[in-house]
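What you are looking at is a predicted structure, and each value in this text was computed from that prediction instead of being measured. When a ligand or atom number is given, it counts from 1 through the structure's own listing order.
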Amino acid sequence: MKILAIESSCDETAAAVVEDGRRILSNVVSTQAAIHARFGGVVPEIASRHHLENIVPVVSKAMEDAGLDFPALDAVAVTYAPGLIGSLLVGVQAAKGIAFVHGKPLVPVHHIAGHIQAPFLASPEEIPLPALALVVSGGHTHLFEMPEPGVYHLRGRTRDDAAGEAFDKVAKLLGLGYPGGPAIDRLAQGANDRAVDFTPARFKDGRPDFSFSGLKTAVLHHVRRQGIEPVADQGAVPSEVRDLAASFQRAVVVALLQRLRQEAERARPRSLLLTGGVAANTVLRREAAATAALLGLPLFVPPIALSTDNAAMIGAAGFVAYTRGTRAGWDLNPEAHMPLETLVYEAKSTPGRGAV
Ligand code: KG4
Ligand code: ZN
């Protein structure tokens, strides 16, 4: 079964064709990162305008790369929540148009469900379920338990900033550009990650939740105290900035993996998944492997191109949703926010809050 998937929730216009939720026939991503870089973050109005310009060429390229015409498709899947509303709208309208004209079912996909499904695209072996998934991106930091494909139980979440957001804000503060994650990752290599000691956030209720805004403020205080100036020349970053970046990165990685371990010890899953844009982080990938080994669990991490936003993961989650009977009506509307307490794909003609 061949699904055309469309993703436009943030600043990547993406389309892919995925067969049976596993085999990628094409995967096209047009990123706007360079356009938003000069603003130090994504500007929603600019993002939606670029999605409008890019969506037709990106979908056409995905179909061409897959060597298919629209009639050969079995369904069209699209990210409809959560994300920037103007950006989501472009993908949803394009998907509706293609599905309507060619008489194909329209499958609504939650962006995070896409991230969780990404490791399944890349793994040649079966991933044992239940799985515990750590989803870390610019907009999300969540721990989900997945007892079966398409059923996601939220176990932990950030109470303020997402991990990627913290990377981006700290990078901006230090003058390292946007997106911040890759810049910090690169600069931290070989730097002293013990130079600054950051205290991890703790919660009285003991839940495996996350908090990164205190860490961001601690970095800010350190910068002010030490009189650190934003970096002017990216080719000559002072060692105190590199050490600070490395110490911040270490604090994020430790916080993420502490909660992953805590929840794994409680829930006793059969596998661990690490996914989302921040899963591209070199130290997180390495340390997550060590945590998994300690727990005696297999860890599945998608390659970087499938960790960051892409449409292949939406095709994979779309297949799961489709096989569970989920369809959208022509009145499908994007949602900027979608509660994620318990996300269970089930048969619905039009998705509403709480049921996708
Ligand atoms: O999943 P994604 O592409 O988009 C969202 O759904 O948000 O994630 C983007 C986020 C950005 O915050 C970016 O700084 C972060 O992922 N990121 C990284 C790395 N590569 C991307 N963070 C840390 N280390 C990286 N190597
Ligand atoms: Zn994402």
For D168, is there an ion pair with K172 - N to carboxylate O distance below 4.0 angstrom? no

Compare all side-chain heavy atoms of I24 with those of L306 and state whether any distance is below 4.5 angstrom. yes

N, O or S of H115 under 2.8 Å from the Zn ion (ligand 2): yes

So does E265 pair up with R261, basic N to acidic O under 4.0 Å? yes

Any heavy atom of H111 sitting closer than 4.0 Å to ligand 1? yes

Decide if atom CG of D197 counts as having more than 12 heavy atoms of other residues, nucleotides or ligands within a radius under 6.0 Å. no

Nearest to the Zn ion (ligand 2) - the N/O/S atom of D309, by atom name: OD1

Which ligand 1 atoms are under 4.0 Å away from a heavy-atom of H115? 1 (O), 6 (O)

Can you see whether Y322 has R327 sitting over its ring - NZ or CZ less than 6.0 Å from the centre and within 45° of the normal? yes

Heteroatom distance test (N281, ligand 1): nitrogen or oxygen, under 3.5 angstrom: yes

Below 3.5 Å, N or O to N or O, backbone or side chain included: is there any such pair between T308 and ligand 1? no

Relative to the heavy atoms of G164, which atoms of ligand 1 are at a distance of less than 4.0 Å? 12 (O)

Closest to atom 7 (O) of ligand 1 (heavy atoms only, candidates P179, A118, S9, G138) is G138

List the closest protein heavy-atom neighbour of atom 17 (N) of ligand 1: residue, atom name, distance to the nearest 0.1 Å. G277 O, 3.5 Å

Any idea which protein heavy atom is nearest atom 18 (C) of ligand 1, and the distance to it? G181 CA, 3.5 Å

Any side-chain heavy-atom pair of D160 and E165 under 4.5 Å: no

Working for side chain to side chain contact (heavy atoms under 4.5 Å, CB included), residues V78 and L106: CA-CA 8 Å; V78 64; L106 179 65; 4.2 Å; yes

Do the two ring centres, one from H140 and one from H111, sit under 6.0 Å apart? yes

Electrostatic pair R266:E263 at N-O distance under 4.0 angstrom: yes

Based purely on interatomic distance, does H140 place a nitrogen or oxygen under 3.5 Å from a nitrogen or oxygen of ligand 1? no

Do the ring centers of F120 and F300 come within less than 6.0 Å of each other? no

Please work out which of the three classes, parallel, tilted or perpendicular, describes the rings of W330 and F100, given edges at 30° and 60°. perpendicular

Quick one: does D185 get an N or O within less than 3.5 Å of an N or O on ligand 1? yes

Does the residue G139 have a heavy-atom contact with ligand 1, meaning some pair of atoms that are separated by less than 4.0 Å? yes

Please list the nearest protein heavy atom to atom 12 (O) of ligand 1 with its residue and the distance rounded to 0.1 Å. D168 OD2, 2.7 Å

I'd like to know if Q249 contacts ligand 1, where contact means a heavy-atom distance under 4.0 Å to any ligand atom. no

For the Zn ion (ligand 2), which N, O or S atom of H111 is at the shortest distance? NE2

Provide the number and element of each atom of ligand 1 under 4.0 Å from a heavy atom of D309. 1 (O), 2 (P), 3 (O), 4 (O), 5 (C), 6 (O)

